[in-house]
Amino acid sequence: MAEAADFQGTSASPARRWLRRTGALLAGAPLLAGLLQLPAATPAEASGQESPQAASGAGSVSVAVDSLTPSTPTEGDTVSVTGTVTNNGKQPVTDAHVDLRVGPSLDTRSSIDALAKKSDDVQGPTGKAVGGKYTEKFSKLTPGVAEPFNISVPVDELDLDQDGVYQLAVALSGETAAQPWDQVLGVQRTFLPWQPEEAGTKTKTTFLWPLVSDVHMTAETGSNEQQTPVFSNDDLAEEISPGGRLDQMVSLGKGLDITWVIDPDLLASVDAMTKNYQVRDEDGTTTSGRGQTVAKQWLSELQQAVAGKEVVALPFGDPDLASLAHNGTTVTGSLSHLKEATDAVDNTVPTILHTKPSTDFAWPVDGAVDPSITKVATSAGADKVIARSDSLQDNLSYTPSAARPIGGGTTAVVADSRMSTAFQGNLTRASASTLAVQRFLAQSLTLGLQTGKQRSVVVAPQRMPSVSQAQAMAEALGALQGGNWSESQDLTAAAKAKPDPAANRKLPPADAYPPSLSKQELPRAAFEQIARTRDDLDNFKVILTDESRVVTPFGRAMNREMSTSWRGRGVAAVGYRDDVESYLGGLIDGVKLIDKSDTKLSGRSATIPVTVQNNLVQGVEHLKLRLTSQNPTRLKIDGHAYEEQPVAVNGGHSQSVKFTTSANANGRAKVEAQLYTEDGRKYGGPVTFDVKVTEVTPTVMLVIGGGVLLLVLAGFRMYTQRKRAAAREAAEDAAGETDDDVDNPVAASQNPADPGDRLKEESEAGSRADAPQQPSDPAPDTAAESADPSGTGERVDR
């Protein structure tokens, strides 16, 4: 990006300052001219050898600037610089001294970048030493020993001229045994912004303050009424504990004019921690979480911090928009997850923070955009995309305002890449943090001095700053807000600012997307796995009596599966998706058919029971159980090839569903039981078993019927024959009595029959009764066997 060589619109310094500094410049001109005309100054240079600064001892001492206060000095201030010098060479350094050196002003933002890249190069220009009493001396620097220094110089002694950014170098000079002359052995350059008076036109600066974390909650919840959540670890408790990363973000941001950018998943996770929650251990067991107290305290502090401030809510889980655009849009249903994640904001942020957030902004990773990313980003309702100037570049000599329309009613809010990336890297060392702060302030002031027009600038730092990075951000932002060239502005106001007509409004093509970011994207396989989970959930929820117990935790888990936080953690991302899919599969398998052994059918009809088991804590309904005969010519279910019956089972119970069957032929018939949802989709796997049919062919039934008929006829014949025989005997007895009475009436009436004759008759009658019966014998006094079909309650062997 080209930039102007000179500042435009620079405000004039007061006459007093101008005269004093002009005089000092004129007085030093002869000395400067003499120095420029000096020949080679050392024996080494005269002999054609390396210069002293390029000799073996050059750069052997490291200089660390741990603090520079004030960061943005004004008239009457005293600049204090502290730090350490360390002799990294093998020889002691004698006659060592540390001094401050002020170089020329840096006119462009690119010159600041160039100086930052060689901030410790001893061969570069270091500027004019302040010298005198503003020097700290060391008699000797021992190898490997760090020595502290502290130099304070009135700002008037620095000879700062017009408003701008000046190079401030801290240099260590001394001698070694091998090079016994005074030379610069170590240097550290930084930047000194100089704007002592209020700028006529201030830059409006918007600083985003992100509250985003990794994924911590799983899809698993307890079986109790409260549905106790299960966390994959207790790392979040550490982050929100005093001194933790998120605790520092809230504490530091509380006193700053910032725009809070918050992932609702973080709020939901911490809110869940305020109650009972479980943490999964490495062995798969769970233990009680211990972060209730710190969770309550953190949320309370956050509520106070955001009161009256602008809050921008990301979609739930901070979905990776670029991954979705590049790899997920061709997978059915992927975009619906983004819409659900956006809708989830209303049930999270206002409830927990008691403030209404803005959901108009989408924030792709590192502000890298292309047409597909922008299309996806706005598909869920956002009409503003936070981009970055190293993605949506401008070929201008100045930095334009952030807002610009890019078509389709969408506004790109382009964050400044230099200021947004100023706090990346390892800032745990005080020296690194100080350099980052001064560089950020230098870029801000230089940007403001480019033109005489007011501009709106947006700073979008990394999503999850470390503690040291957050502290550096807060220090820089505090200095900026206390300076004279910038004023704070909300993100919404920055998006509404008048666009610069010369600013670029054309999105870069897809092939311009940074390869380093592309390698970290979620693959298509991730979205396919999420789609499978969604299908399983849709098929499962329709049978539940209280689907919210399952739909809500799994819906949020699928949002988390698309999180930006998985970038660079591919293995962990796969593990999380597998856990979600496996846990849902376990719940689905909790409603199933009990395996059934082969069945024997001994009659023409019978009932076959099939058992449905529900191991869930809630009841299931809206299910149909279908029993299908694979050989309906042999075995029918309720007279057809299959029969369906509705199923409803209470939680933790089983239910047997009975089907009426009828057999037409002997042999084996395969039967399949399958659960279906009401919309006709299969639920779970089938259960198959064989039914063995015996003695039910038509011929057998005819023989059995004929035999029964013959028995009936034989019994009837025996009955009629015995009746006739009894009638004959009665007639014969009657005729014999009549003859005897006629011959001897008195004997017939007074003398009974001879006992011997009577015993003979009874014996003959008994012999006839014990004799084997013939078909013609009289029928016995028993009912005939029924030929009706067996009842539906007939027992079936399993």
Polar contact flag, side-chain donor to acceptor under 3.5 angstrom, [X]-[Y]:
{"X": "D366", "Y": "Q462", "result": "no"}
{"X": "S433", "Y": "Q471", "result": "no"}
{"X": "H97", "Y": "E136", "result": "no"}
{"X": "S401", "Y": "S456", "result": "no"}
{"X": "Q188", "Y": "S119", "result": "yes"}
{"X": "S110", "Y": "T108", "result": "yes"}
{"X": "T69", "Y": "S80", "result": "no"}

>> Determine whether D214 and R569 satisfy the following criterion, salt bridge (Lys or Arg N to Asp or Glu O under 4.0 Å), listing intermediate values before the conclusion.
In response: CA-CA 11 Å; D214 292 330; R569 300 191 303 137; 3.8 Å; yes
Considering all heavy atoms, the nearest [X]-[Y] contact:
{"X": "T434", "Y": "D66", "value": "OG1-O, 2.7 Å"}
{"X": "W363", "Y": "P210", "value": "CZ3-CB, 4.1 Å"}
{"X": "L445", "Y": "G164", "value": "CD2-O, 3.5 Å"}
{"X": "R189", "Y": "G124", "value": "NH2-O, 3.0 Å"}
{"X": "P508", "Y": "L392", "value": "CD-CD1, 4.0 Å"}
{"X": "P242", "Y": "V294", "value": "CD-CG1, 4.4 Å"}

>> By the definition side chain to side chain donor-acceptor pair (under 3.5 Å), identify the one residue from T74, D163, N484 that meets it with Q195.
In response: D163
Side-chain contact test, heavy atoms from C-beta onward, threshold under 4.5 Å: evaluate it for [X] versus [Y] and give yes or no.
{"X": "L256", "Y": "W209", "answer": "yes"}
{"X": "S323", "Y": "W566", "answer": "no"}
{"X": "R388", "Y": "V369", "answer": "no"}
{"X": "P193", "Y": "L441", "answer": "yes"}
{"X": "T203", "Y": "S444", "answer": "no"}
{"X": "R455", "Y": "Y398", "answer": "yes"}
{"X": "D95", "Y": "D182", "answer": "no"}
{"X": "V187", "Y": "V61", "answer": "no"}

> Would V81 and S67 satisfy side chain to side chain contact (heavy atoms under 4.5 Å, CB included), going step by step from the backbone distance to the final call?
Replying inline: CA-CA 6 Å; V81 181; S67 70; over 6 Å; no
>> Evaluate F138 against K140 for side chain to side chain contact (heavy atoms under 4.5 Å, CB included), listing each step before the verdict.
In response: CA-CA 5 Å; F138 304 92; K140 184 174 69 173; over 6 Å; no
> For V153 and L158, what are the C-alpha separation, side-chain angles and deciding distance, and is it a side chain to side chain contact (heavy atoms under 4.5 Å, CB included)?
Replying inline: CA-CA 8 Å; V153 181; L158 299 179; 3.8 Å; yes
>> Testing N233, D234, I240 one by one against L236 for a side-chain contact (heavy atoms from CB on, under 4.5 Å), which residue passes?
In response: I240
> Under the criterion side-chain contact (heavy atoms from CB on, under 4.5 Å), which of V413, V459, I258, T259 is the partner of L208?
Replying inline: T259
Any donor-acceptor N/O pair, [X] side chain to [Y] backbone, under 3.5 Å:
{"X": "Q481", "Y": "D257", "result": "yes"}
{"X": "S466", "Y": "Q469", "result": "yes"}
{"X": "T446", "Y": "A442", "result": "yes"}
{"X": "W298", "Y": "L246", "result": "yes"}
{"X": "T86", "Y": "N88", "result": "no"}
{"X": "Y166", "Y": "D161", "result": "yes"}
{"X": "D121", "Y": "Q123", "result": "yes"}
{"X": "Q167", "Y": "F191", "result": "no"}
{"X": "Q450", "Y": "T399", "result": "yes"}
{"X": "Q454", "Y": "T201", "result": "no"}

Let me confirm one number: the [atom1]-[atom2] distance from [X] to [Y], rounded to the nearest 0.5 Å.
{"X": "T142", "Y": "Q91", "atom1": "OG1", "atom2": "CD", "value": "13.0 Å"}
{"X": "S468", "Y": "L427", "atom1": "OG", "atom2": "CG", "value": "5.0 Å"}
{"X": "R109", "Y": "D416", "atom1": "CZ", "atom2": "CG", "value": "4.0 Å"}
{"X": "E198", "Y": "E487", "atom1": "CD", "atom2": "CD", "value": "9.5 Å"}
{"X": "K90", "Y": "T176", "atom1": "NZ", "atom2": "OG1", "value": "13.5 Å"}
{"X": "S241", "Y": "Q248", "atom1": "OG", "atom2": "CD", "value": "12.0 Å"}

> For D318 and R463, what are the C-alpha separation, side-chain angles and deciding distance, and is it a salt bridge (Lys or Arg N to Asp or Glu O under 4.0 Å)?
Replying inline: CA-CA 10 Å; D318 187 20; R463 268 176 158 76; 2.7 Å; yes
>> Walk me through whether F440 and F423 qualify under ring pair (Phe, Tyr, Trp, His ring centres under 6.0 Å).
In response: CA-CA 8 Å; F440 173 86; F423 305 103; 5.2 Å; yes
>> Let's go through D120 and K118 carefully: what are the C-alpha distance in whole Å and the side-chain angles of both, what is the deciding distance for salt bridge (Lys or Arg N to Asp or Glu O under 4.0 Å) to 0.1 Å, and is it a yes or a no?
In response: CA-CA 6 Å; D120 58 354; K118 56 179 183 179; over 6 Å; no
> Do S152 and T78 pass the side-chain hydrogen bond (donor to acceptor under 3.5 Å, both in side chains) test, and can you show the C-alpha distance, the side-chain angles, and the key distance before you say yes or no?
Replying inline: CA-CA 6 Å; S152 296; T78 296; over 6 Å; no
> Could D113 and R439 be called an ion pair, given the rule that one side-chain N must be under 4.0 Å from one carboxylate O?
Replying inline: yes
>> The test is salt bridge (Lys or Arg N to Asp or Glu O under 4.0 Å); show your working for E239 and R245 and say whether it passes.
In response: CA-CA 5 Å; E239 286 195 280; R245 188 183 72 84; 2.8 Å; yes
>> side chain to side chain contact (heavy atoms under 4.5 Å, CB included), that's the test. Do Q179 and E175 meet it? Break it down for me.
In response: CA-CA 6 Å; Q179 298 167 332; E175 302 178 2; over 6 Å; no
